[in-house]
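Keep in mind that the numbers below use all heavy atoms, side chains included, and drop hydrogens, waters and symmetry copies. In each ligand, atom 1 is the first atom listed, and ligand 1 is the first ligand listed. Computed from a predicted model, the values in this text were never measured in an experiment.
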Amino acid sequence: MVTRLVLVLGDQLTETVAALRKADKDRDVVVMAEVADETAYVGHHPKKIALIFAAMRKFAARLRDDGWDVAYSELDDTDNTGSIPGELLRRADQYSAGEVLATEPGEWRLIAALDDTPLKVTQLEDDRFVASHKDFEDWAKGRKALRMEYFYREMRRKTGLMMDGDEPAGDKWNYDHDNRKPASGEVDTAPMQFTPDETVEEVLDLVEARFSDNFGTLRPFTFATDTGQARRALAHFVKHALPKFGDYQDAMMEGERYLWHSHLSASINIGLLDPLEVCKAAEDAWRAGDVPINAAEGFIRQIIGWREYVRGIYFHEGPDYPSRNGLGHKRDLPWFYWGGETKMRCVEAAVAQTRDDAYAHHIQRLMVTGNFALLAGIDPHQVHEWYLSVYIDAFEWVEAPNTVGMSQFADDGIIASKPYVSSGNYINRMSDHCRHCAYDVNAKSGEDDACPFNTLYWHFLDRHRKRFGENGRMANMYRSWDRMDQEKRHAILRAAERTLKKLDEGEVV
Ligand code: FAD
Ligand code: DLZ
Ligand code: SF4
């Protein structure tokens, strides 16, 4: 029998991933490759490269222990061709293989690259998700608007998670209403941390030598790099943080980087944890009476709701989705996103922790860095490339819909029914950043020290009136703007223009 190659990518580290399930241990060779091209399509955070290489190496060792023949290319191997197709061709030659079994990658770029190789590559659907491509298409067919909430209910019914028969447990599908408390007092938990073992240390040295110019701090590195560790981190989260996850899901706090968030996205996205296993652990804790329903439901909704939904949108919308720019925004991404100086305390805090940890939680991504970029009219493609680079959990299928769609409204409202914009009020309500800021969040009339979110918020609404003026969900905002006296409106717009000019001229904002 002719040998086949079985491709396993750096975010497909699951023993039951489609290509491995279909493969034959006695006949096939697993190909795993650290390659320059994958490290360079954006300038990934060093921690992200380290996580992927370390987890790949440990996964390859586990497959070998399990009896698989694994052809593993390290980045520094002298004959490494530097690309996934290149490594497949090299291994095909080495093993006289003509055929490749692959699991469909999570990025259109790589799907096309596999299709373009002269080898016969079969791309099997990645079924580590609740919804198949067909499920999503069937759901989307004939709908005017593809709203997450209705899709989420389908996923609840399909999985039976938090269901009592045909009805949602507790009689409500969604407990978000209870989930908007600002944090106060002590944060009594933190994600589990892992001391690097020998494999991880070797990778850290490699990444230090090769990627020290990339944005981000490599050490300390404490992420889970195998399934055993990731499961311990999951159990730790369920016991210590999940009970308060719901209440404080939208909160931000000075010096508190994780609050009651799970910090599990990277483990789930690279395949160390099965999303349903994660949801089941949360549901079991609720059924055992250890966590409240708003926490369990809110957490499960993020995974079988949002995570599944954004993946559906990415594949439904096609390869041009990350390049969309529905609002025609063109401004360059300000330098402070890469660690340059800013006086805006909320942005400074989110960027500093992103640099140190390759992590920020959802509200920091959406309502601080995302909100500012949208208000300031930054080119959404640059924003997309930033998020894809700097977060440890960033792969295009999940990052692009969140950034281009949810955060920047560049898909013209496929994901969000109105843009996620807010003035400084929201940040002040949900965090204590404003108390430590050079700007005054209560200055709302265009004063010199007025919070830039305050003035840019009105500037955004004013300059996009044509697009959003008729949006019923924004009617209140426009009414408030129209009720202000003209002099105040002009002062606000002038202050916003001053801020935008400073951004364009590279001055500190
Ligand atoms: P928790 O708050 O504990 O949530 C639990 C889990 O739910 C997460 O681990 C994740 O698997 C899932 N989840 C939550 N929200 C989302 C969402 N909106 N989309 C998909 N899954 C979700 N998430 C990524 O996994 N990769 C990305 O590249 C990414 N980019 C983002 C970019 C922007 C602009 C925004 C606004 C959000 C982005 N998110 C992304 C979603 C979300 O911010 C992260 O999943 C979350 O912050 C990860 O931290 P956590 O594990 O502590 O999540
Ligand atoms: C992100 C990443 C990086 C940095 N390096 C590799 C690599 O060397 N080899 C590999 O197989 N995968 C890597 N990845 C993950 C891929 O970029 C990812 O599989 C695609 O973007 C599709 O999600
Ligand atoms: Fe951010 Fe404005 Fe508050 Fe400063 S005053 S922390 S810029 S919201």
Side-chain angles (χ1 to χ4, degrees), residues 7-12 32-42 44 48-49 51-53 56 73 75 84 87 105-107 109-111 148 191 237 241-242 245 249 258-270 273 275 278 298-303 305-311 342-349 359-370 372-373 383-384 387-388 391-404 406-408 420 422-428 431 433-443 449-454 509:
L7 176 66
V8 176
L9 294 167
D11 54 354
Q12 298 179 340
M32 297 181 68
E34 300 167 9
V35 290
D37 277 8
E38 293 308 303
T39 67
Y41 58 83
V42 287
H44 303 282
K48 179 177 174 189
I49 302 174
L51 171 71
I52 287 169
F53 286 6
M56 282 174 72
S73 315
L75 190 70
I84 297 291
E87 285 305 273
E107 193 176 337
R109 169 188 62 85
L110 213 45
I111 293 175
M148 193 287 294
F237 162 71
L242 181 60
F245 173 87
Q249 207 178 321
Y258 310 106
L259 296 167
W260 292 272
H261 289 271
S262 71
H263 201 240
L264 293 173
S265 48
S267 292
I268 302 173
N269 291 351
I270 68 172
L273 285 177
V278 174
F299 180 72
I300 287 171
R301 176 162 21 94
Q302 305 312 311
I303 297 180
W306 280 111
R307 185 172 185 273
E308 293 286 334
Y309 167 80
V310 296
R311 176 174 186 264
T342 172
K343 294 190 291 176
M344 294 181 287
R345 179 62 200 152
C346 53
V347 176
E348 183 189 35
Y359 174 86
H361 71 65
H362 187 67
I363 293 301
Q364 295 172 297
R365 298 187 204 194
L366 186 64
M367 299 312 292
V368 178
T369 43
F372 186 83
V383 183
H384 153 64
Y387 281 96
L388 189 58
Y391 289 113
I392 193 140
D393 54 24
F395 301 91
E396 199 176 88
W397 65 267
V398 53
E399 177 278 329
N402 270 297
T403 305
V404 173
M406 188 190 309
S407 162
Q408 300 302 299
Y420 278 95
S422 81
S423 69
N425 263 349
Y426 175 86
I427 294 169
N428 194 30
S431 81
H433 289 315
C434 302
R435 276 185 256 148
H436 303 267
C437 187
Y439 291 110
D440 182 356
V441 73
N442 294 314
D449 64 346
C451 163
F453 284 84
N454 289 349
V509 167

> Which one of Y359, F395, W397 has a non-hydrogen atom at the shortest distance from atom 52 (O) of ligand 1?
Replying inline: Y359
> Closer than 4.0 angstrom: is that true for some heavy atom of Y387 and an atom of ligand 1?
Replying inline: yes
>> With heavy-atom distances below 4.0 Å as the criterion, list the atoms of ligand 2 near D11.
In response: 18 (C), 19 (O), 22 (C), 23 (O)
>> Regarding atom 8 (C) of ligand 1: of the candidates S265, A266, G370, A373, which has the closest heavy atom?
In response: S265
>> Using a 4.0 Å heavy-atom cut-off, which part of Q12 comes near ligand 2: side chain, backbone, both, or neither?
In response: neither
> Does ligand 1 have a heavy atom under 4.0 Å from the side chain of H361, from its backbone, from both, or from neither?
Replying inline: backbone
> Considering only protein heavy atoms, which is closest to atom 1 (C) of ligand 2, and at what distance to one decimal place?
Replying inline: I52 CD1, 3.3 Å
> What residue and heavy atom of the protein are closest to atom 13 (N) of ligand 1, and at what distance?
Replying inline: Q302 O, 3.6 Å
> Any idea which of R311, R307, R365, Q408 brings a heavy atom closest to atom 30 (N) of ligand 1?
Replying inline: R365
>> Suppose we only count N/O/S atoms under 2.8 Å; would H433 qualify as near atom 1 (Fe) of ligand 3?
In response: no
> Is ligand 2 under 4.0 Å from a heavy atom in the side chain of L75, in the backbone, in both, or in neither?
Replying inline: neither
> Under 30°, 30 to 60°, or over 60°: which ring-plane class applies to Y359 and H263, parallel, tilted or perpendicular?
Replying inline: perpendicular
> Is R365 paired with D393 through a side-chain N to carboxylate O contact shorter than 4.0 Å?
Replying inline: yes
>> Applying a heavy-atom cut-off of 4.0 Å, say which part of W397 lies close to ligand 2: side chain, backbone, both or neither.
In response: neither
> Which atoms of ligand 2 have any heavy atom of Y41 under 4.0 Å away?
Replying inline: 1 (C), 17 (O), 21 (O)
> Is it true that some N/O/S atom of C434, main chain or side chain, lies under 2.8 Å from atom 3 (Fe) of ligand 3?
Replying inline: yes
> Who's the nearest protein heavy-atom neighbour of atom 41 (C) of ligand 1, and how far?
Replying inline: H362 ND1, 3.7 Å
>> Under 4.0 Å from a heavy atom of E34: which atoms of ligand 2 are those, numbered in the order shown and with their elements?
In response: 8 (O)
> Hey, is E348 close enough to R345 for a salt bridge, meaning N to O under 4.0 Å?
Replying inline: yes
> C346 and side-chain contact (heavy atoms from CB on, under 4.5 Å): which partner among F372, Y439, F453?
Replying inline: F453
> Backbone, side chain, both or neither: what part of T369 comes under 4.0 angstrom of ligand 1, heavy atoms only?
Replying inline: neither
>> With respect to L9, determine whether any N or O atom, backbone or side chain, lies less than 3.5 Å from an N or O atom of ligand 2.
In response: no
>> With a 4.0 Å cut-off on heavy atoms, is Y420 in contact with ligand 1?
In response: no
